[in-house]
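On a predicted model such as this, the values are computed, not experimentally measured, just so you know.
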Amino acid sequence: MKIAIVSGTDEGPTKLNAFDNALSDAGIGDVNLIKVSSMLAGNAEICKLPKLKAGAMVNCVLSEITSDNPGDRITAVVALAIGEELGCVVETTGINKNTDELIDKAKGMVEYMMNKRNVEIKELIVEQSTATVENIASAIASVVYLNADIIEE
């Protein structure tokens with residue numbers, strides 16, 4: 001299994017446009033995202049995000065937050081733990097929350113999931129995206145599941 005970890009932030013004239021712009025900033029704005037739960041195959045390989053086919057149906061775990069309150073500090077976090085047998089992904093968000101605390105929360109959740117399954121963590125990765133709202137802003141972090149059908153040749 002190959003995955004890419006991406007994040008992005010942006011502003012827009014509406015909440016939907018801000019979200020769409022943040023997806024584009026992360027490189028996943030021209031595809032259809034299918035939110036999936038939180039499991040990875042064992043020894044998942046992390047790759048750089050390739051160019052995806054426009055309109056492709058793309059599985060992902062997505063953390064997203066949008067605010068229209070100027071001055072808000074918004075953060076989206078994904079954390080993934082990879083073991084030999086399987087891996088787990090979690091997401092969390094916060095408005096005006098300490099980024100380190102959000103990261104620690106995500107790490108704690110993914111460590112718990114792996115421990116509950118009795119799977120040793122070989123690699124733990126956290127991706128976060130933070131923005132301070134000017135007008136309307138969105139922040140996203142995502143684990144994108146890659147396969148040959150969605151990658152542009």
**Item:** Candidates Ser63, Ser7, Ser142 - the one meeting side-chain hydrogen bond (donor to acceptor under 3.5 Å, both in side chains) with Glu127
**Value:** Ser7
**Prompt:** Which heavy-atom pair separates Asp68 from Pro70 by the least distance, and what is that distance?
**Reply:** O-CD, 3.2 Å
**Message:** When you group the ILVMFWY residues by side-chain heavy-atom contacts below 4.5 Å and let the links chain together, are Val36 and Ile3 in the same group?
**Reply:** yes
**Fill in**
Closest non-hydrogen atoms of Cys60 and Val144, given as atom of the first, atom of the second and distance, are CB-CA, 4.2 Å
**Item:** Taking every non-hydrogen atom, the tightest pair across Met39 and Tyr145
**Value:** O-OH, 2.9 Å
**Message:** Using 0.5 Å steps for rounding, measure from the CD atom of Glu64 to the CD1 atom of Ile74.
**Reply:** 9.5 Å
**Working for side chain to side chain contact (heavy atoms under 4.5 Å, CB included), residues Leu146 and Cys47** = CA-CA 9 Å; Leu146 303 172; Cys47 305; 4.2 Å; yes
**Prompt:** Got a second to check how far Asn59's CG is from Ile34's CD1, nearest 0.5 Å?
**Reply:** 5.0 Å
**Message:** For the CG atom on Asp30, are there more than 12 heavy atoms of other groups (residues, nucleotides or ligands in this structure) within a distance under 6.0 Å?
**Reply:** no
**Request:** Provide the closest heavy-atom pair for Glu11 versus Asn135 in the form atom of the first, atom of the second, distance.
**Result:** OE1-N, 3.0 Å
**Prompt:** Just by distance, do the side chain of Asn21 and the backbone of Asn17 share a donor-acceptor pair under 3.5 Å?
**Reply:** yes
**Prompt:** For Ile151 and Lys53, which heavy atoms make the closest approach, and how far apart are they?
**Reply:** O-CE, 3.3 Å
**Prompt:** What distance do Asp100 atom CG and Thr75 atom OG1 have between them, rounded to the nearest 0.5 Å?
**Reply:** 10.0 Å
**Asked** Does Val126 share a hydrophobic cluster with Leu80, counting links as ILVMFWY side-chain heavy atoms below 4.5 Å and allowing steps through other members?
**Response** no
**Euclidean distance, Thr92 OG1 relative to Gln128 CD, rounded to 0.5 Å** = 12.0 Å
**Inter-residue atom distance Leu49.CG - Ile5.CD1, 0.5 Å rounding** = 11.0 Å
**Asked** For Ala56 and Val31, which heavy atoms make the closest approach, and how far apart are they?
**Response** O-CB, 3.5 Å
**Prompt:** Leu86 and Arg117: side chain to side chain contact (heavy atoms under 4.5 Å, CB included), yes or no, with the steps?
**Reply:** CA-CA 9 Å; Leu86 60 83; Arg117 290 167 172 80; 4.0 Å; yes
**Asked** Val90, Leu102: one ILVMFWY side-chain cluster at the under-4.5 Å cut-off?
**Response** yes
**Item:** Criterion side-chain hydrogen bond (donor to acceptor under 3.5 Å, both in side chains) against Arg73, the qualifying member of Asn96, Asn98, Thr99, Thr130
**Value:** Thr99
**Request:** Look at atom NZ of Lys2 and say whether more than 12 heavy atoms of other residues, nucleotides or ligands are closer to it than 6.0 Å.
**Result:** no
**Message:** Using a 6.0 Å cut-off, check whether atom CD of Glu120 has over 12 heavy atoms from anything other than its own residue.
**Reply:** no
**Asked** How many angstroms lie between NZ in Lys15 and CD1 in Ile136, if you round to the nearest 0.5 Å?
**Response** 8.0 Å
**Prompt:** Mind checking whether Val119 and Met109 sit in one hydrophobic cluster, side chains of I, L, V, M, F, W, Y counted as touching below 4.5 Å?
**Reply:** yes
**Item:** Chi angles and distances behind the side chain to side chain contact (heavy atoms under 4.5 Å, CB included) call for Ile95, Asn69
**Value:** CA-CA 10 Å; Ile95 298 177; Asn69 186 27; over 6 Å; no
**Message:** Check for me, please, whether Met1 and Val61 land in the same ILVMFWY cluster - side-chain distances under 4.5 Å, paths through other members count.
**Reply:** yes
**Request:** Verify side chain to side chain contact (heavy atoms under 4.5 Å, CB included) between Glu123 and Ile46, making sure each step is shown before the conclusion.
**Result:** CA-CA 11 Å; Glu123 189 172 8; Ile46 300 167; 4.2 Å; yes
